[in-house]
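Here is the structure we will look at, set down as structure tokens.
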Amino acid sequence: MSIRGRIGWGVIVFGGLAAYGLGVIGYRLSPVDGSVFSWTNALYASLQLFVLEANYQPDTVIPLSLVLARYLAPLVMAATAIRATTLLLKKEISAWRLAKLQNHIIICGLSREGYELVKTLREADVAVVIIEEDENNNFITSSELLGCHTLIGDVTSSTLLKTARVQFASQLYLLSGDDAVNLSIQMNTVELLDCGKTRDDKLKVWLHIDAIDMCAFLRKENAFESICPSMEVEVVSLHEVVARNLVIGHLYPIVPVAKDDQRDVHLIIVGFGRLGKTIVTRAVRSLVLPNPDARLTITAVDLNAESEVENLINEHPGLKQFCQITPMSGDIRHAAFRNTILERLNFTNTVSAMIFSIDDAYSNMSSALYVAEGLWKSTGRMTIPLFVRLKEESGWRSLLDAHKCEDEWTNQIIGFGSIGEICNKEVITQSTLDELAQGLHEYYSTIYANPENPSGQSWDSLSWTFKDSNRQAADHMYIKLKHLGLSIVGKNKATTAVPWPPEEPVFSELAKLEHRRWFVERTMAGWCYGSTTDKAQKISRDLVEWGELDHDAKKKDYEHICVYPKILERVQMGLVKINE
């Protein structure tokens, strides 16, 4: 039962007890034939007040408590009847509306993340059905006030999924915090869809998997494509969503963009768990520096930094080719260890940033404050930004925002990855990024059509590996355009036409940068060089430096840059100069 429901019944129960108590007191004070009601008679007579039967003489002087009781008791009975009838009708109406739903969205697991997604979906006036196990979940009432249908019970239950009409839904979000539960719901959905048949529109499923290795396995093996053609499954990880937002929203703006800028980029990551490792892989793929002599260096700070770094390199052997990772094992809470970290920072020829990715918000924030204090004492100013993972927008995040522009040091402590930022439809589904990626893919598949080429299939038939490759290319549009002082904005804000393609030698530099990005992406994905390209075996003859590429391969990179305005037009976006 929702909080509002419990409060309503609580008021009725309290009113009933008050009426009964006042009635007993009133009857004990009311004389009958010269004597008062006994306790047993008073108790029984007070019960009769609830059915409009009062035991007293018409000309008797009635005590105030009995006057109140004889009016309050019928009101309680009326309120009970009205509320019970309302609940019954509400359930019947809800069941009737639910039975008619089509093309709706189902969310399994109403966590804090799920509720943030619910809000964005309802803002778009989309019908939402929620399946939640805990009837005392505080977000149920808020979701119902937004107009959602709620089903309480086992989220893995095929019966509840059928009641939610998953066969007729357009989208399904599996956002339980338990990977096994999400996979169980997914497999039950497969059975309900009767996958021997195909739907006109596939059921789009966003399957959240917290374990990065499992996430990678499911994507690599395309686990769900062959067993059910009626659904399209996108395996997502909130760690990846947070990492992408950090890199694009916060790290892109501080990296060097000039070709002659030889400064290295140094990221100190405090907390080298799942999120910390994901930030590293995202940064390596995305922060491809324009100067080939500049390096990306990582310092991994963790209680078990050596073993965590070793695990990451084992998972991504190509990582060492593009960045240098130095482990530092120790407790960030200890002053001596913090001083050791600060001593390693080189501010003369490096763009540095510290990222606090510990799971606990208090540990993140307290560590950042200690480091800020140490920087202030040693240099007299905040020399590097400190990015702090704060899931909630209240608490520490509110305190930071309240002090912005008041203290120089607080301006350099920046919160990122709040649930409100990452748990909305646009961010989780990456719909704009997908449209950009799909535009790039369609352009290339049209020009270089080859039915036998696994990367030349239609977008819906494309494997996750090649979809992700197009997404990474689309993501890197932002940093390439930043080199030109350009930013991607909504089409209505792009008031001035930007000449395209850019003039030489900038045009060539952007093409070289795209090849370098592609080179990093392919190497990180396990590709290797071969004299003959075999995409199924992850072998490419183009996996060489720019100077060794043949004319046709370079032409593809030039064409990639040329097509940007057409791709942006596809998603109703345009270009504008950053200083505008």
Give, for atom [atom1] of [X] and atom [atom2] of [Y], the distance between the pair rounded to the nearest 0.5 Å.
{"X": "Ile131", "Y": "Ile152", "atom1": "CD1", "atom2": "CD1", "value": "10.0 Å"}
{"X": "Leu251", "Y": "Ile279", "atom1": "CG", "atom2": "CD1", "value": "8.0 Å"}
{"X": "Gln171", "Y": "Met231", "atom1": "CD", "atom2": "CE", "value": "13.5 Å"}
{"X": "Asp134", "Y": "Ile140", "atom1": "CG", "atom2": "CD1", "value": "6.5 Å"}
{"X": "Ser286", "Y": "Glu521", "atom1": "OG", "atom2": "CD", "value": "10.0 Å"}
{"X": "Ser176", "Y": "Ile185", "atom1": "OG", "atom2": "CD1", "value": "6.0 Å"}

Taking [X] for the side chain and [Y] for the main chain, is one N or O donor matched with an acceptor at less than 3.5 Å?
{"X": "Thr120", "Y": "Leu117", "result": "yes"}
{"X": "His104", "Y": "Ala164", "result": "yes"}
{"X": "Asn103", "Y": "Ser170", "result": "no"}
{"X": "Thr80", "Y": "Val76", "result": "yes"}
{"X": "Asn137", "Y": "Glu133", "result": "no"}
{"X": "Asn182", "Y": "His208", "result": "yes"}
{"X": "Arg389", "Y": "Gly415", "result": "no"}
{"X": "Ser357", "Y": "Gly271", "result": "yes"}
{"X": "Thr278", "Y": "Arg274", "result": "yes"}

Might you point out which heavy atoms bring [X] and [Y] nearest each other, and give the distance in Å?
{"X": "Thr432", "Y": "Met573", "answer": "CG2-SD, 3.9 Å"}
{"X": "Met524", "Y": "Val284", "answer": "SD-CG1, 4.1 Å"}
{"X": "Val242", "Y": "Gly417", "answer": "CG1-CA, 4.1 Å"}
{"X": "Ala368", "Y": "Val388", "answer": "CB-CG2, 3.6 Å"}
{"X": "Ser367", "Y": "Ile332", "answer": "OG-CG2, 3.2 Å"}
{"X": "Ala69", "Y": "Gly23", "answer": "CB-N, 3.3 Å"}

Note to self: Is it true that Asp154 and Thr156 share a donor-acceptor pair across their side chains at a distance under 3.5 Å?
What the structure shows: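 The criterion, which ignores hydrogens and geometry beyond distance, is satisfied for Asp154 and Thr156.
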Next item on the list: Classify the side-chain pair Ser363/Asp360 by whether it contains a donor and acceptor separated by less than 3.5 Å.
Entry: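 Asp360 and Ser363 do have a side-chain donor-acceptor pair below 3.5 Å.
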Next item on the list: Please say whether the positively charged group of Arg112, taken as NZ for Lys or CZ for Arg, lies over the ring of Tyr115, i.e. under 6.0 angstrom from the six-membered ring centre and within 45 degrees of the axis.
Entry: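 Verdict for Tyr115: no cation-pi partner in Arg112.
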Next item on the list: Using a strict 4.0 Å threshold on nitrogen-to-oxygen distance, state whether Lys277 and Glu315 make a salt bridge.
Entry: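 Salt bridge absent between Lys277 and Glu315.
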Check: Is any NZ, NE, NH1 or NH2 atom of the basic residue among Lys119 and Glu116 found under 4.0 Å from an Asp or Glu carboxylate oxygen of the other?
Finding: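 Yes, this pair counts.
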Any non-hydrogen side-chain atom of [X] less than 4.5 Å from a side-chain atom of [Y]?
{"X": "Leu172", "Y": "Leu207", "value": "no"}
{"X": "Met187", "Y": "Glu191", "value": "no"}
{"X": "Arg333", "Y": "Ser366", "value": "no"}
{"X": "Val301", "Y": "Phe272", "value": "no"}
{"X": "Ile355", "Y": "Leu246", "value": "yes"}
{"X": "Val128", "Y": "Tyr173", "value": "no"}
{"X": "Tyr20", "Y": "Leu43", "value": "yes"}
{"X": "Leu183", "Y": "Leu218", "value": "yes"}

Checklist line | Sequence neighbours excluded, every pair satisfying salt bridge (Lys or Arg N to Asp or Glu O under 4.0 Å) that has a member inside residues 229-249 | finding: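 Pairs touching residues 229-249 that pass the test: Lys204-Glu232, Lys204-Glu234, Arg219-Glu240, Glu232-Lys467, Glu234-Arg471, Arg244-Asp475.
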Next item on the list: Just do the side chain to side chain contact (heavy atoms under 4.5 Å, CB included) check on Val371 and Phe356 with the steps written out, would you?
Entry: CA-CA 11 Å; Val371 170; Phe356 296 83; 4.0 Å; yes
Margin query: Would you say CG of Asp359 has more than 12 non-hydrogen atoms from neighbouring residues, nucleotides or ligands within 6.0 angstrom?
Written below: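 Result for CG/Asp359: open.
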Item checked: Ile107 and Val129: CA distance, side-chain angles, deciding distance, side chain to side chain contact (heavy atoms under 4.5 Å, CB included) verdict -> CA-CA 6 Å; Ile107 297 178; Val129 178; over 6 Å; no
Item checked: Full working for side chain to side chain contact (heavy atoms under 4.5 Å, CB included) between Thr281 and His316 -> CA-CA 8 Å; Thr281 55; His316 303 278; 3.7 Å; yes
Check: Step by step, would you call Leu386 with Ile414 a side chain to side chain contact (heavy atoms under 4.5 Å, CB included)?
Finding: CA-CA 6 Å; Leu386 308 179; Ile414 304 160; over 6 Å; no
